[in-house]
K.L.:
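Dropping the structure in here first, questions after.
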Amino acid sequence: MVRHRRVGSGYGCWDHYHESDTLLHSLQVLAALLESPVTQDIICDVGMPVMHRNVRYNCRVIFLNRRILLIRPKMALANEGNYRELRWFTPWSRSRQTEEYFLPRMIQELTKQETVPFGDAVLATLDTCIGSEVCEELWTPRSPHVDMGLDGVEIFTNASGSHHVLRKAHARVDLVTMATTKNGGIYLLANQKGCDGDRLYYDGCAMIAMNGSVFAQGSQFSLDDVEVLTATLDLEDVRSYRAEISSRNLEASKVSPYPRVKVDFALSCHEDLLEPLSEPVEWKYHSPAEEISLGPACWLWDFLRRSQQAGFLLPLSGGVDSAATACLVYSMCRQVCEAVKDGNQDVLADVRTIVDQPSYTPQDPRELCGRILTTCYMASENSSQETCDRAKELAQQIGSHHLGLNIDPAVKAVVGIFSLVTGKSPLFAIHGGSSRENLALQNVQARVRMVVAYLFAQLSLWSRGARGGLLVLGSANVDESLLGYLTKYDCSSADINPIGGISKTDLKDFVQFCMESFPLPALQSILVAPPTAELEPLASGQVSQTDEEDMGMTYAELSVYGRLRKLAKTGPYGMFCKLLVMWRDVCTPRQVADKVKRFFSKYSMNRHKMTTLTPAYHAESYSPDDNRFDLRPFLYNTGWPWQFRCIDKQVLQLERRQQDLDGVD
């Protein structure tokens, strides 16, 4: 049997890897595993940081029956997007070479070994050959499994720290199945699951594959801390599969050999002849809406139980974004109840601690939601009755403890202070005020809501005679954050934001999914209502302000801009060139130019808001998160003079060309 996992330190230790404490505690956990009877007669492959000759490496430590067989340092480090491995580790660059590693005394006392091999090698057991590939190495153009497989390695292990991004599971499955399709072999992929205390959620998807087929699939989202995945496979199937691929065998005859660590141990035995073999399975993918319902909900549960708070407070506006956030908490409650029903004692203990009732057992998601979620509709004179009713109806259907209040007294008090000091009274535009007055009056309302939200998060349970405080949830989506269509330090400022990495389009699909699957019919009216901030005065009792009109662009366009800016790595001119083709049937070159310039002007004007974004679940590859993922300035020349001149010049050339063509006609 082969088992592999990461021990000692989580993948998200980040700069704690610089601390000697992290190395020490990892060794202590390794010692505990070496001593444990659970690991006997199992080849264990665990991950931890190791210092060799004063250099830190990200390593796999492979051991069997209290003896370390090999320390295999990572050779390709992840250093893009959310990852900064080169900040903490050095890649092992000596391909197919090993050195002696002198074990620390605490490990020597257990293993009775002074040194062990350290480097790029494979294990030769009595019946097969095993190679270890580490996380990012699977994703590189020349993955180690290629040459390992050509050199006779039949079983590949890979323990990953791969975080969730919507629609990413397909890439993982394709990489593993293609690796074994071209070269044959058995591939064991384990992936971290859960939240490491930051914006990322590691989403499992463990799998066992052989010769291009999947034989076991682990869960992608779960509240279980431990999952065991097994399959019974025949090594002769690998050998016969490889035997008939002549091109592969020609390459294998020329490959440079790997150092082999001999292991006096066999994974198989004579009695295995009667063991039934596992059959291939069809990988079951979640839809993006299902992924949203599960991933951020698991992330919320990790934050709630580890922060030792008593629940969440959510400003519920009656719009899609806050409704989606409420649905995520409700989905979390459903998963908690399901886990308890399935006998998960850790989840049961955590939920009892959260609600402060040692004998409590959750059975109904609505009842649990009423205990841990407080929703609050904060009305003003600019709020409509429709949004108030929508918020109240949704709260009733998910079971949250719902509050309704009016912030007008606080808003008038704040504006009154300004008027008292300056002798000036700002007005909304509809009442004759300037754009500056209009924006300031909107922002006051938004910021008062943030203050009120935190007040109720701290004291609402106290007012009900219950212990603890609440985590404030934000509900700004990734598209609004990208454009900066939010008020700095308003209700977008919260403790955590489960939808901050999700596009408006995907959120609408998720809300539709919740309406049909949970079911929550109150979401129907929320879905069809136009998105609005409700910060300007009503017109004859009706909403006069919509988000897309305020932004000057649609949410669908925003998603396109976001993907081109981040994924396609385009600046203003590059984006203009790509959109000329993408939108050639609906926009003239000048219209495309105007749209691109409008986006970049607003984006750069509001980029400073990214420095204060609430920590959000990372679900989208075009997230503008300034903390680690999207490193850019936050002070720009918002006119983009050089770039915009290039666009204007190109527009003129295209228009002249079109005029010439029209003249020929």
Side-chain angles (χ1 to χ4, degrees), residues 300-301 303-305 307-319 321-330 332-333 354-357 366-383 385 387-415 442-476 486-500 533-535 612-616:
L300 283 173
W301 175 247
F303 260 94
L304 180 58
R305 67 189 181 98
S307 66
Q308 300 184 352
Q309 296 300 298
F312 301 110
L313 182 133
L314 171 66
L316 191 61
S317 69
D321 293 339
S322 62
T325 304
C327 289
L328 284 174
V329 179
Y330 183 64
M332 182 199 80
C333 293
I354 290 166
V355 302
D356 196 28
Q357 289 189 12
R366 290 187 74 256
E367 187 272 337
L368 177 59
C369 195
R371 290 174 179 264
I372 63 176
L373 176 62
T374 297
T375 50
C376 183
Y377 181 81
M378 292 184 267
S380 75
E381 60 185 5
N382 303 319
S383 302
Q385 188 60 45
T387 54
C388 178
D389 292 342
R390 292 198 296 264
K392 185 177 180 180
E393 186 181 6
L394 177 60
Q396 288 173 341
Q397 291 182 10
I398 64 174
S400 67
H401 178 76
H402 189 63
L403 305 172
L405 57 88
N406 193 294
I407 63 169
D408 284 337
V411 172
K412 289 175 181 175
V414 173
V415 175
Q442 292 183 66
N443 288 343
V444 167
Q445 298 168 73
R447 290 180 175 128
V448 164
R449 287 190 171 113
M450 186 270 287
V451 174
V452 172
Y454 271 96
L455 176 64
F456 275 81
Q458 289 183 294
L459 294 180
S460 62
L461 292 182
W462 166 79
S463 70
R464 292 150 55 189
R467 61 164 286 278
L470 304 174
L471 291 170
V472 179
L473 296 180
S475 55
L486 50 89
T487 300
K488 209 171 185 179
Y489 306 116
D490 68 346
C491 273
S492 64
S493 296
D495 293 313
I496 51 175
N497 179 1
I499 69 164
E534 288 196 332
L535 294 172
T612 61
L613 273 185
T614 295

K.L.:
Any side-chain heavy atom of Thr614 sitting closer than 4.5 Å to one from Asp495?
P.N.:
no

K.L.:
Does the Arg390 side chain pair with the main chain of Gly319, one donor and one acceptor, at a distance under 3.5 Å?
P.N.:
no

K.L.:
Taking it one step at a time, do Tyr454 and Ser493 satisfy side-chain hydrogen bond (donor to acceptor under 3.5 Å, both in side chains)?
P.N.:
CA-CA 10 Å; Tyr454 271 96; Ser493 296; over 6 Å; no

K.L.:
Could you report the tightest heavy-atom contact between Leu461 and Arg467, atom names first, then the distance?
P.N.:
CD1-O, 3.4 Å

K.L.:
Evaluate the criterion side-chain hydrogen bond (donor to acceptor under 3.5 Å, both in side chains) for residue pair Thr375 and His402; output intermediate values, then yes/no.
P.N.:
CA-CA 5 Å; Thr375 50; His402 189 63; 2.8 Å; yes

K.L.:
For the pair Ser460 (side chain) and Ala457 (backbone), establish whether a donor and an acceptor sit closer than 3.5 Å, ignoring hydrogens and angles.
P.N.:
no

K.L.:
Check Ala391 against Leu316 and note the closest heavy-atom contact, atom names and distance.
P.N.:
O-CD2, 3.4 Å

K.L.:
Ser317 and Ser322: side-chain donor and acceptor closer than 3.5 Å?
P.N.:
yes

K.L.:
Measure the shortest side-chain to side-chain distance between Val329 and Leu300 over non-hydrogen atoms and say whether it is less than 4.5 angstrom.
P.N.:
yes

K.L.:
Looking only at the side chains, is there a donor atom on one of Thr387 and Tyr377 sitting less than 3.5 Å from an acceptor on the other?
P.N.:
yes

K.L.:
Spell out, as yes or no, whether a donor-acceptor pair under 3.5 Å connects the side chain of Asp490 to the backbone of Arg449.
P.N.:
no

K.L.:
Taking all non-hydrogen atoms of both residues into account, name the closest pair between Pro315 and Met378 and its distance.
P.N.:
CB-CE, 3.6 Å

K.L.:
Working to the nearest 0.5 angstrom, can you tell me the gap between Leu405 CG and Cys376 SG?
P.N.:
4.0 Å

